[in-house]
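Following: one structure in structure tokens, then a few remarks.
All values below were derived from every heavy atom in this structure, side-chain atoms included, with hydrogens, water molecules and symmetry-related copies excluded. Order of appearance sets the numbers: ligands from 1, and atoms from 1 within every ligand. The first residue of the sequence shown is numbered 1, and numbering continues consecutively from there.
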Amino acid sequence: MKIRRIVVTGGAGFLGSHLCDRLVNAGHDVICVDNFFTSQKSNISHLLGRPNFELIRHDVTHPIWLEVDEIYNLACPAAPGHYQYNPIKTMKTSVMGAINLLGMARRCRAKILQASTSEVYGDPEVHPQVESYRGNVNPIGPRACYDEGKRAAETLFFDYQRMNKLNIRVVRIFNTYGPRMHPFDGRVVSNFIRQALAGNDISIFGDGSQTRSFCYVDDLVDGLIAMMNGPDDFHGPVNLGNPNEMSIALLAETVIKMTGSKSKLVKRPLPADDPTQRQPDITLAKAKLGWEPKVALDAGLAKTIEYFRGLDLDQFRAPTPNF
Ligand code: NAD
Ligand code: UDP
């Protein structure tokens with residue numbers, strides 16, 4: 001195998017830390033770039049002594065000069081509570097981060113992959129979502145800083161490809177869960193497991209009939225690597241996610257059953273612009289990358305619950321103000 005110099009921005013986060021694990025274990029020279037806005041060193045502390053792993057505390061809204069062969073651009077708060085904490089910064093991170101990393105890719109002639117999102121489809125009227133669907137995003141709502149930031153980043157990737165012949169790859173990630181999710185990120189899987197383990201009420205936003213499709217982190221990391229190593233003429237965008245769609249109410253019941261919790265379900269107001277349904281069509285990923293998820297929800301949830309049982313919640317804090 002040819003060892004490559006690989007940058008992972010957002011490499012200390014939930015997905016990024018698992019990606020760094022895989023790339024370091026494969027023998028690559030890995031540089032993790034992160035400002036720890038929504039993560040903490042504990043996600044990557046086990047890698048710090050490895051000779052082929054390097055950590056740089058850096059904010060991607062500022063330029064950075066590195067000599068690399070591949071770039072995975074994951075830096076961006078991803079949970080609604082995190083990205084709405086400072087929406088202007090979220091937009092800057094997506095757009096200025098993309099420009100800075102694309103500039104690095106152009107200078108180094110490096111391959112570059114963008115972690116985009118199912119949120120580019122907004123509250124979708126086409127179901128399941130195919131990549132050709134252009135979406136239904138509210139450009140002025142509370143989710144827009146994230147959705148439109150990611151859409152603008154996709155635009156930049158394709159313009160750099162057309163103008164500079166950059167070797168780009170764009171993946172649209174659907175809801176992914178697993179160990180190392182931030183316990184206070186407010187996402188549904190982390191919230192439900194934390195609430196169930198503490199015996200607290202389980203917060204169902206709305207009536208719980210809205211749907212999501214949950215992918216286990218190991219499958220998603222397989223997909224990211226498959227896309228980076230996929231055909232050079234396949235830029236995407238390509239959906240990565242698990243098509244196993246379910247209602248939020250059913251997810252709550254499943255978590256209660258699996259944790260043996262006595263928690264009750266309580267209804268809370270549905271946040272503005274919360275998508276009513278979401279399911280990836282992964283035909284393209286199967287055809288172009290030979291990728292599809294393998295981990296069933298029960299198996300993935302069992303590992304995630306085990307991780308949350310072992311957490312000392314005092315070691316985690318809410319996002320740092322980051323204006
Ligand atoms: P996360 O919040 O755990 O990770 C994001 C990481 O980026 C964190 O370590 C954070 O500190 C870092 N970061 C944020 N702003 C930064 C900045 N300005 N400079 C440098 N680092 C910065 O979230 P995640 O779930 O691991 O998401 C990773 C990527 O995948 C994000 O780009 C997200 O939009 C995308 N994504 C994730 C999901 C999912 O379900 N997990 C779904 C769709 C898309
Ligand atoms: N949700 C919920 N209770 C919670 C957190 C989230 O019912 O404690 C709902 C939320 O309204 C949404 C779904 O679960 O319909 C997924 O929310 P999440 O924030 O995980 O991701 P996203 O909305 O970005 O898909």
In ligand 1, the atoms that come under 4.0 Å of a heavy atom of F36 are 11 (O)
(message) Can a side-chain donor-acceptor contact be found between R169 and N167 if the only test is distance below 3.5 angstrom?
(response) yes
Query - Test item: side-chain donor near acceptor, Q84 and H82, under 3.5 Å - result: no
Can a salt bridge be assigned to the pair D218 and K294 using a cut-off of 4.0 Å between side-chain N and carboxylate O? no
So for Y177 against ligand 1, with non-hydrogen atoms under 4.0 Å, the contacting part is neither
Q: Run the contact test for K92 against ligand 1 with a 4.0 Å cut-off on heavy atoms, strictly below, and give the result.
A: no
- prompt: Would you say L74 contacts ligand 1, with heavy atoms under 4.0 Å as the rule?
  reply: yes
Give a yes-or-no answer on whether the side chains of S213 and N244 include a donor-acceptor pair shorter than 3.5 Å.
-> no
- State, without any angle test, whether Q161 and N164 hold a side-chain donor-acceptor pair at a distance under 3.5 Å. no
For D274, the ligand 2 atoms with a heavy-atom partner under 4.0 Å come out as 10 (C), 11 (O), 12 (C), 15 (O)
Of D273, T211, L270, N191, the one whose closest heavy atom lies nearest atom 8 (O) of ligand 2 is N191
In ligand 2, the atoms that come under 4.0 Å of a heavy atom of I248 are 7 (O), 13 (C), 14 (O)
Quick note on ligand 2: atoms under 4.0 Å from a heavy atom of G186 include exactly 5 (C)
- Task: Check whether the side chains of Y216 and D222 place a donor and an acceptor atom closer than 3.5 Å, and report yes or no.
- Result: no
Do any nitrogen or oxygen atoms of V60 come within less than 3.5 Å of a nitrogen or oxygen of ligand 1? yes
If you compare R143, R268, H82, M181 by their heavy atoms, the one closest to atom 24 (O) of ligand 2 turns out to be R143
Under 4.0 Å between a Lys/Arg side-chain N and an Asp/Glu carboxylate O for E148 and R143? no
C76 heavy atoms within 4.0 Å reach ligand 1 at atoms 5 (C), 7 (O), 13 (N), 14 (C), 31 (C), 32 (O)
Salt-bridge present (R107, E67; N to O < 4.0 Å) = yes
For P80, the ligand 2 atoms with a heavy-atom partner under 4.0 Å come out as 19 (O), 24 (O)
- Salt-bridged, R5 to D29, with N to O below 4.0 Å? no
| said: Membership question, hydrophobic clusters at under 4.5 Å side-chain separation (ILVMFWY): are V295 and F174 in the same one? | reply: no
Query raised in the report: What do you reckon, does P275 have a nitrogen or oxygen under 3.5 Å from a nitrogen or oxygen of ligand 2?
Result: no
Counting heavy atoms under 4.0 Å, the part of N35 that contacts ligand 1 is both
The atoms of ligand 1 lying under 4.0 Å from a heavy atom of H58, numbered in the order shown, are 19 (N), 20 (C)
Review point. Is there a ring-ring contact (aromatic ring centres under 6.0 Å, His included) between F14 and H182 once you walk through the steps?
Key: CA-CA 7 Å; F14 160 51; H182 194 294; over 10 Å; no
Judged by heavy atoms only, the candidate from D59, D34, N43 nearest atom 18 (N) of ligand 1 is D59
Does R278 reach ligand 2, in the sense of a heavy atom lying below 4.0 Å from it?
-> yes
| ligand 2 and R187, any nitrogen or oxygen pair closer than 3.5 angstrom? | no
- May I ask you to check if ligand 2 and P271 share an N or O to N or O distance below 3.5 Å? no
shortest atom 9 (C) of ligand 2-to-protein heavy-atom contact is with Q210 NE2, 3.8 Å
With heavy atoms and a 4.0 Å threshold, my read on which part of H82 contacts ligand 1 is neither
Under 4.0 Å from one or more heavy atoms of I204, ligand 2 contributes atoms 7 (O)
Looking only at heavy atoms of S116, does any of them come nearer than 4.0 Å to an atom of ligand 1? yes
(request) Answer with yes or no whether K150 contacts ligand 1, where contact means a heavy atom under 4.0 Å from a ligand atom. (result) yes
Logged contact type for F14 with ligand 1, heavy-atom cut-off 4.0 Å, is both
(Q) Quick one about R187 and Y177 (side-chain donor to acceptor, distance below 3.5 Å, no hydrogens or angles considered), yes or no? (A) no
Inset, instruction - Give a yes/no verdict on whether any heavy atom in Q195 is under 4.0 Å from an atom of ligand 2. - result: no
Q. Non-hydrogen atoms of A252 versus ligand 2: any pair closer than 4.0 Å?
A. no
| message | Would you say that more than 12 heavy atoms from the other residues, nucleotides or ligands in this model lie under 6.0 Å from the CZ of R134, or not? | response | no
Would you say H127 and E245 are linked by a side-chain donor-acceptor pair, where the criterion is simply a distance under 3.5 Å? yes
Worksheet item: Should the pair Y83 and Y146 be assigned to parallel (<30°), tilted (30 to 60°) or perpendicular (>60°) ring geometry?
Response: parallel
E119 heavy atoms within 4.0 Å reach ligand 2 at atoms 24 (O)
For N175, the ligand 2 atoms with a heavy-atom partner under 4.0 Å come out as 21 (O), 22 (P), 25 (O)
- Message: Within the 3.5 Å criterion, strictly below it, is a donor on T259 or S261 matched to an acceptor on the partner's side chain?
- Response: no
Does ligand 2 have an atom under 4.0 Å from some heavy atom of A79? no
Fill in: Residue pair N25 / R50, side-chain donor-acceptor N/O under 3.5 Å
yes
Please check if any side-chain donor atom of D34 sits under 3.5 Å from a side-chain acceptor atom of T9, or the reverse. no
Among I64, L15, V8, closest by heavy atom to atom 37 (C) of ligand 1 is L15
One finds that the ligand 1 atoms under 4.0 Å from a non-hydrogen atom of R187 are 23 (O), 24 (P), 25 (O), 39 (C), 40 (O), 41 (N)
Testing the 3.5 Å rule here: is there a donor-acceptor pair between the side chains of Y133 and E125? yes
Does a side chain donor of either H46 or D21 reach within less than 3.5 Å of an acceptor in the other side chain? yes
Ligand 1 to A12, heavy atom cutoff 4.0 Å, flagged ligand atoms 9 (O)
Counting from 1 in the order shown, the ligand 1 atoms closer than 4.0 Å to a non-hydrogen atom of G13 are 3 (O), 4 (O), 8 (C), 9 (O)
A student checking ligand 1 against N175 at a 4.0 Å heavy-atom cut-off should list atoms 40 (O)
